[in-house]
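After the structure tokens below, expect a handful of questions from me.
The sequence lines fix the lettering, A, B, ..., with proteins before strands; numbering per chain opens at 1.
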Amino acid sequence: MSNTKPSLPKGTRDFGPVEMARRNYILETIKDTFRLFGFEQLETPAMENLSTLTGKYGDEGDQLLFKILNSGDYLKGVTIEEVAQGSSAILPKIAEKGLRYDLTVPFARFVVMNRNELVFPFKRFQIQPVWRADRPQRGRYREFYQCDADVVGTDSLVCEAEILLMIKRVFGAFGLTDYTIKINNRKILTGLAEFIGAPGKEQELCVSIDKLDKIGWEKVKGELLDRGFVADAIDKLAPIVRREEGLNADTLGFFREILGSSIVGSMGVDELSQVLDLLEAMGGDQSHVSFDPMLARGLSYYTGAIFEVKINNVSIGSVSGGGRYDNLTGVFGLPDVSGVGFSFGVDRIYDVLLELGLFGDVAAAPVDVLITHFGQQEMNYGLGILSELRALGISAEIYPDTSKIKKQFAYADKKNIPYVIVIGSEEMNSAKVTLKNLRSGEQHTDNLNKVCEVLVQKKRSPND
RNA sequence: GUGAUUGUAGCUCAGCUGGUUAGAGCGCUGGUUUGUGGCACCAGAGGUCGCCGGUUCGAACCCGGUCUUUCACCCCA
């Protein structure tokens, strides 16, 4: 028998019972909100055909795809000459499948394959792991969960407003109060490029501006120069960048003015102000929502609204983000499907809630009550009680071995079980059971019905 | 992919310029208590010092490789 030390592949992790309870709490809260807003859940396979995945994420993305070796004799049909040409020559022959890299491409594939069955606008959410052969760092893994929601097949700005409402509902449910939903519109950035006299260069502008938070204005300036922006353009940009954050309405007014001559830019300002109006019409207010004209986000395919959520005073980057895009499914031959989507960063939300101590009692007690006993006969007696408790909806377990009562109590204590029932000969003879509250140390001996009542009552209002 | 960094008991970490049998706290097991957990006290178990190779009379310590961890860049969730 070999005795190798067990280990995990690089960049992967286990989720133990406590972590799972907390993750489920996060995911249930999010799912609950998605469903409330009419989104339906979708799952797609962990693996896709490599042809579906390659070419969708750029050259670097292709490098980061996990490829799956073909089953069977995967070298069959590979010649010595091909091997000599290097790995890229034989790759398509030995690997036809790969692990999904994100949820968007599989979703696009799904929409195209089911275009005739789906009812548009289609609102779907999807929560599944994705894999990237990246070099892991803290908060960056090779296997991690994405949690996406998208609406495809409509241009309505109601979708944008609903996304804001969902974000507010979810973060409110977590007890987060100090966070900011930054919102901008890609068209405003396009208009901005026109305004500074560099039309059509918004792509480069965005990539640099996106780093403003991280590296500061001076370095961004240098990068813009490197990217071929002239000094005059940068001078025009400077006052806009340095503009103090103000009320959304004021910032909008400012941009409406300077982008007045740009058709696209004005469109962006209009869209954004409509989204904010819709938000209020739908019963939300603009608290936590902040128009940030410098928000760019790296992804190049956004065409309308873009958002990003940051928890303030926590050393963790954005916890949610998204935006509107055109032509989600174009690469699969179905043009003109536009949509808007966003995603919650589950791992980061986990870290934030942990850091702020907002998990509370989540995962505190796996069961309500443990039945302890002094021997085989008492244990058998306890089995009947066990099923009665469960029938009442009280989660219960019985200590499955006959061992010292002390050990059984220690087990309950370690698992944070709030109550134990003790069954000994005294209880059996008098047809009663003893219930002990391990938190307070109180204990009473009573008939089973009475004890059940106490437990049911406790379950209904845990804080009494 | 580039440049750094980490690895010693289940966990967090000590371990002097290379020198006998590698330590602590927490945790674990047992006891003080054969009808009661947490607290206290007592005792005990547990380590091929990440792995492979090299230098040396001698390596946890020095050198090379490898894996792993963390960090910056790139990119991203």
Side-chain angles (χ1 to χ4, degrees), chain A residues 3-13 16 26 57-65 100-104 126-148 207 210-211 214-215 219 223 296-301 308-310 315-323 341-352 365 369-375 378 399 402-430 432-445:
Chain A
N3 197 7
T4 53
K5 215 187 237 177
S7 63
L8 285 172
K10 188 195 273 230
T12 65
R13 57 231 150 108
I26 293 173
Y57 309 106
D59 288 346
E60 290 210 25
D62 286 355
Q63 297 296 312
L64 299 180
L65 285 173
R100 76 167 97 76
Y101 180 89
D102 70 0
L103 301 180
T104 307
Q126 188 169 355
I127 300 172
Q128 291 190 271
V130 305
W131 294 269
R132 296 181 187 180
D134 211 347
R135 185 183 288 218
Q137 284 180 29
R138 194 165 74 96
R140 275 175 81 172
Y141 303 95
R142 290 184 144 184
E143 177 186 66
F144 62 96
Y145 276 72
Q146 286 192 335
C147 178
D148 283 17
V207 172
D210 201 38
K211 298 176 183 164
K214 260 192 202 163
I215 63 177
K219 288 194 174 169
E223 200 172 310
R297 285 184 70 78
L299 290 168
S300 52
Y301 53 78
E308 195 162 283
V309 184
K310 175 123 181 47
S315 59
I316 290 166
S318 73
V319 291
S320 175
F342 77 113
S343 152
F344 284 111
V346 177
D347 293 302
R348 284 183 174 180
I349 291 174
Y350 184 102
D351 290 343
V352 167
V369 58
L370 173 74
I371 299 175
T372 64
H373 45 80
F374 283 93
E378 290 88 342
Y399 198 85
T402 55
S403 38
K404 288 183 185 170
I405 202 77
K406 177 177 176 147
K407 194 172 175 186
Q408 302 182 42
F409 266 69
Y411 170 83
D413 190 51
K414 267 182 270 186
K415 283 185 73 171
N416 230 325
I417 300 171
Y419 284 96
V420 288
I421 281 175
V422 186
I423 298 166
S425 50
E426 291 167 26
E427 283 83 357
M428 279 178 71
N429 292 335
S430 60
K432 291 185 172 177
V433 295
T434 297
L435 179 70
K436 176 164 184 171
N437 179 335
L438 287 187
R439 303 265 158 82
S440 65
E442 288 173 68
Q443 75 177 59
H444 301 286
T445 303

Please round to the nearest 0.5 Å and tell me the distance separating atom OG of A:S320 and atom NZ of A:K310.
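One finds 13.0 Å between OG of A:S320 and NZ of A:K310.
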Rounded interatomic separation in angstrom, taking CG from A:D413 and P from B:rG27
12 Å
When the C1' atoms of B:rU48 and B:rU8 are considered, how many whole Å apart are they?
13 Å
Ring-on-base stacking B:rA77 with A:F144 (under 5.5 Å, under 30°)
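Yes, aromatic ring over the base.
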Where the side chain of A:E427 is defined as all heavy atoms beyond and including C-beta, which of B:rC75, B:rG35, B:rG37 is the nearest nucleotide?
B:rG35
When the P atoms of B:rG27 and B:rC74 are compared, how many Å lie between them, rounded to an integer?
45 Å
Write down the distance separating the C1' atoms in B:rC41 and B:rA4, rounded off to the nearest Å.
49 Å
Tell me: CG of A:L438 to P of B:rC39, nearest whole Å?
13 Å
Between A:K406 and B:rU29, is there a side-chain N or O to OP1/OP2 distance below 4.0 Å?
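Answer is no, no contact under 4.0 Å.
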Side-chain donor or acceptor of A:R348 paired with backbone N/O of A:S318 under 3.5 Å:
yes
Check the distance between B:rG35's C1' and A:L370's CG and give it to me in whole angstrom.
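A:L370 atom CG is separated from B:rG35 atom C1' by 15 Å.
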Over all heavy atoms of both residues, which pair between A:Y399 and A:H373 is shortest? Give the atoms and the distance, please.
O-NE2, 2.6 Å
Students often get this wrong, so: under 4.0 angstrom with heavy atoms, is A:Q408 touching a base, only sugar-phosphate, or nothing?
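Nothing, no heavy atom under 4.0 Å.
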Would you measure the distance from the C1' atom in B:rG25 across to the matching atom in B:rU56 and give it in whole Å?
36 Å
Which nucleotide wins on minimum distance to the side chain of A:Q137, given the candidates B:rG35, B:rC74, B:rA77?
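Given the options B:rG35, B:rC74, B:rA77, the side chain of A:Q137 is closest to B:rC74.
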What is the nucleic acid contact for A:G58, judged by heavy atoms within less than 4.0 Å: base, sugar-phosphate only, or nothing?
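Answer is nothing: A:G58 stays at 4.0 Å or more from every strand.
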Kindly point out which of B:rG30, B:rG35, B:rC74 is positioned nearest to the side chain of A:I405?
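Ranking B:rG30, B:rG35, B:rC74 by closest atom to the A:I405 side chain puts B:rG35 first.
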Step-by-step side-chain contact (heavy atoms from CB on, under 4.5 Å) determination, A:T402 to A:E378
CA-CA 9 Å; A:T402 55; A:E378 290 88 342; over 6 Å; no
For a quick check of understanding: with a heavy-atom distance under 4.0 Å over all strands, which category does A:S7 fall into, base, sugar-phosphate or nothing?
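Here A:S7 touches no strand at all.
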If you apply the rule side-chain contact (heavy atoms from CB on, under 4.5 Å), what do you find for A:L438 with A:Y419, and how did you get there?
CA-CA 6 Å; A:L438 287 187; A:Y419 284 96; over 6 Å; no
With a 3.5 Å cut-off and no angle check, do the side chains of A:E427 and A:T434 form a donor-acceptor pair?
yes
Can any side-chain N or O of A:T445 pair as donor or acceptor with the backbone N or O of A:V433 at less than 3.5 Å?
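No, the answer is negative, given that no donor and acceptor are paired below the 3.5 Å cut-off.
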Could you give the distance separating B:rC67 and B:rU20 at their C1' atoms, to the nearest angstrom?
32 Å
Which whole number of Å gives the distance between the P atom of B:rG1 and that of B:rG7?
24 Å
Side-chain atoms of A:Y141 come closest, of B:rA77, B:rG38, B:rG35, to B:rA77
State which of B:rC76, B:rG37, B:rG35 makes the closest approach to the side chain of A:A410.
B:rG37
Think A:K10 has a side-chain N or O under 4.0 angstrom from the OP1 or OP2 of B:rU68?
yes
Separation of atom NZ in A:K414 from atom C1' in B:rG10, rounded to whole Å
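Atom-to-atom, A:K414 to B:rG10, this comes out as 13 Å.
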For B:rA59 and B:rG53, measure between their C1' atoms and round to the nearest Å.
14 Å
Taking only the side-chain heavy atoms of A:K436 (C-beta and beyond), determine which of B:rC75, B:rU36, B:rC76 contains the nearest atom.
B:rU36
Could you check whether atom CG of A:N429 has more than 12 heavy atoms from other residues, nucleotides or ligands sitting under 6.0 Å from it?
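More than 12 heavy atoms, drawn from other residues, nucleotides or ligands, come within 6.0 Å of this atom.
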By nearest nucleotide on RNA chain B, pick out whichever of A:S425 and A:K407 is the more 5' one.
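Upstream on the strand: A:K407.
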Which of these passes side-chain hydrogen bond (donor to acceptor under 3.5 Å, both in side chains) with A:D347: A:Q146, A:R13, A:R140?
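Considering A:Q146, A:R13, A:R140, a side-chain hydrogen bond (donor to acceptor under 3.5 Å, both in side chains) with A:D347 is found only for A:R13.
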Dot-bracket encoding of pairs in RNA chain B, which uses [ ] for pseudoknotted crossings and | for another strand, Watson-Crick or G-U under 3.5 angstrom:
((((..(..((((.....[...)))).(((((.......))))).....(((((..]....))))))..))))....
Name the residue closer to the 5' end of RNA chain B, choosing between A:Y145 and A:E426 according to the nucleotide with the nearest heavy atom.
A:E426
Report the distance from atom OH of A:Y399 to atom P of B:rU36, rounded to the nearest whole Å.
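It works out to 16 Å between those atoms.
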Quick one: label A:G11 by what it contacts on the DNA or RNA (base, sugar-phosphate, nothing), any heavy atom closer than 4.0 Å.
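Sugar-phosphate contact only.
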RNA chain B contacts among residues 341-349 of chain A, heavy-atom distance under 4.0 Å:
A:R348
Contacts of type side-chain hydrogen bond (donor to acceptor under 3.5 Å, both in side chains), residue A:K415, not counting sequence neighbours
A:E397, A:Y411
Taken to the nearest whole Å, CZ/A:R132 to P/B:rG1 is 17 Å
Using side-chain contact (heavy atoms from CB on, under 4.5 Å), reason through A:F344 and A:V309 one step at a time and then give a plain yes or no.
CA-CA 9 Å; A:F344 284 111; A:V309 184; over 6 Å; no
Remember a base hit wins even if backbone is also touched, and classify A:R439 as base, sugar-phosphate or nothing at under 4.0 Å, heavy atoms.
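Base, at least one base atom sits under 4.0 Å.
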Interatomic distance where CG belongs to A:D351 and P belongs to B:rU70 [whole Å]:
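In whole Å, B:rU70 P lies 12 Å from A:D351 CG.
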Rounded to the nearest angstrom, tell me the gap between atom CD in A:Q63 and atom P in B:rG1.
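That distance rounds to 9 Å.
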Which nucleotide, B:rG38, B:rU29, B:rC74, lies nearest any side-chain atom of A:R140?
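So the nucleotide nearest the side chain must be B:rC74.
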Between B:rA45 and B:rC28, how far apart are the C1' atoms? Round to whole Å, please.
9 Å
Counting side-chain heavy atoms from CB outward, which of B:rG35, B:rC71, B:rC75 is closest to A:E60?
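Among the listed nucleotides, the one closest to the side chain of A:E60 is B:rC75.
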Assess whether side-chain contact (heavy atoms from CB on, under 4.5 Å) is satisfied between A:Y101 and A:R132, documenting all intermediate values.
CA-CA 6 Å; A:Y101 180 89; A:R132 296 181 187 180; 3.5 Å; yes
Selected nucleotide, minimal atom distance to A:R135 side chain, candidates B:rC71, B:rG37, B:rA77:
B:rC71
To the nearest 0.5 Å, atom OG1 of A:T12 lies from atom NZ of A:K10 at 11.5 Å
So what does A:G441 touch, heavy atoms closer than 4.0 Å: a base, only the sugar-phosphate, or nothing?
base
